[in-house]
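Scroll down for the structure; my scribbles are underneath it.
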Protein chains: 2
Amino acid sequence: MAVRRNTWQREAVREALERSEGFISAQALHTELHRTGSPIGLATVYRALADLSTEGEADSLQSPEGEAIYRSCATMDHHHHLICRQCGTTAEIEATEVEAWASRVAAEHGFTEARHVVDIFGLCADCTAAAARA
Amino acid sequence: MAVRRNTWQREAVREALERSEGFISAQALHTELHRTGSPIGLATVYRALADLSTEGEADSLQSPEGEAIYRSCATMDHHHHLICRQCGTTAEIEATEVEAWASRVAAEHGFTEARHVVDIFGLCADCTAAAARA
DNA sequence: GCCGTGTTGAGAATGGTTATCATTACTGAT
DNA sequence: ATCAGTAATGATAACCATTCTCAACACGGC
């Protein structure tokens, strides 16, 4: 009997995911939850995220580094991120040009309720300089 | 590190990659090489693929399952996905406009080696119709 | 052929994710 | 409210792709 039960853990994951802006990895979310006092288990975080993803409450995708990263699907924020994969700093970027493109492409394929994921991973100026020095 | 040496292993990886159509994982390529008689080591396959990738002879990206997959770079350019979050079907989409935008934005912020994540989640035509009926 | 050094490869290490399973606790029924 | 049935939890082990280690090897220039 697949009766889904409500537990504080599941709710904690959902809230933490909504509270975090942009994408976050399962590991990071687990760390964040522990930091705020929740003794939630890592396995539970993974399960909750997988459930949220199948139910459509969260989007999941693979970062270029091979981690699975999640984002709350409810927040239709239209700002995107430029993420340094070395030091982790992020810069918010405008993506107005892409908005139109995304909805047009979705419409061309008969898709509705399209939400897009547009993020760029790279090396920031500092880390580029550091890498050049080494 | 000054001189790159030519070894039959490196060449075998390049040829096997070109022979295989579309994307293939490092593990699959290693299995394929062994199947055809090459006693090449797994670590060497990974190294060769990483080298080909940095030299621009191969594209690499992450499969939804979290594996790194590679493709000979000669023919197609990389594409993005339009993903139905209901039934999971994906459609490949061209994103030429976005490619230029992504590299430009990255450059404006001093970022280098930019890789972008551009995917659109929505409801495909079938699932939209099914949802409308219900 | 010889030598120096880049390369190889078996296995160990790593790191993210999933499975195991005894225990906990939510839910619907009594 | 209590109970029983069972889904959910979580510590840990297992898993799997990938990377690292390092001794042995082989390519290229001599």
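A quick note: this is a predicted structure, and the numbers were derived from the prediction, not measured. Order of the sequence lines sets the chain letters (A, B, ...), proteins ahead of strands, with each chain counted from 1.
Rounded to whole angstrom, the span from the CG atom of A/Asn6 across to the C1' atom of C/dC26 amounts to 9 Å. Across the protein-nucleic acid pair, B/Glu67 atom CD and D/dT19 atom C1' stand 16 Å apart, rounded to whole Å. At whole-Å resolution of the value, CD1 in B/Ile40 and C1' in D/dA26 are 15 Å apart. Across the protein-nucleic acid pair, A/Asp51 atom CG and D/dA7 atom P stand 14 Å apart, rounded to whole Å. Here the C1' atom of nucleotide C/dT8 and the CZ atom of B/Arg5 are 11 Å apart, to the nearest Å. In this structure, CG of B/Leu42 is placed 12 Å from P of C/dG11, rounded to the nearest angstrom. Across the protein-nucleic acid pair, B/Arg47 atom CZ and D/dC22 atom P stand 14 Å apart, rounded to whole Å. If you take NE2 of A/His30 and P of D/dT12, they are 12 Å apart, rounded to a whole angstrom.
Comment: A/Arg14 does not engage A/Glu18 in a salt bridge, judged by the lack of any side-chain N to carboxylate O separation of less than 4.0 angstrom. Contact check on B/Arg104 versus A/Glu97 returns a salt bridge, with a Lys/Arg side-chain nitrogen under 4.0 Å from an Asp/Glu carboxylate oxygen.
Across the interface with DNA chain D, nearest-nucleotide mapping of A/Thr44 and B/Ala26 shows A/Thr44 to be the residue nearer the 5′ end.
B/Thr7 comes within contact range of the sugar-phosphate backbone alone, with a heavy-atom separation under 4.0 Å but no base atom that close.
Dashed line: the shortest gap from a side-chain N or O of B/Gln9 to OP1 or OP2 of C/dG9 is under 4.0 Å. Dashed line: the shortest gap from a side-chain N or O of B/Arg10 to OP1 or OP2 of C/dT8 is under 4.0 Å. Proximity of B/Tyr46 to the phosphate of D/dT19: no side-chain N or O atom is located under 4.0 Å from OP1 or OP2.
In the set D/dC27, D/dA8, D/dA17, D/dA17 carries the atom at the smallest distance from any side-chain atom of B/Gln27. Proximity note for B/Ala43 (side chain, C-beta onward) versus D/dT9, D/dC20, C/dA19: the nearest is D/dC20. Distances from the side chain of B/Trp8 to the nucleotides C/dG9, D/dT9, C/dT18 place C/dG9 closest.
Pairing each heavy atom of B/Ala28 with each of B/Ser25, the nearest pair is N-OG, 3.0 Å.
With values rounded to the nearest 0.5 angstrom, B/Ser53 atom OG is found 10.0 Å from B/Leu17 atom CG.
Looking only at atom types and distance, the side chain of B/Glu57 has no donor-acceptor partner in the side chain of B/Tyr70 under 3.5 Å away.
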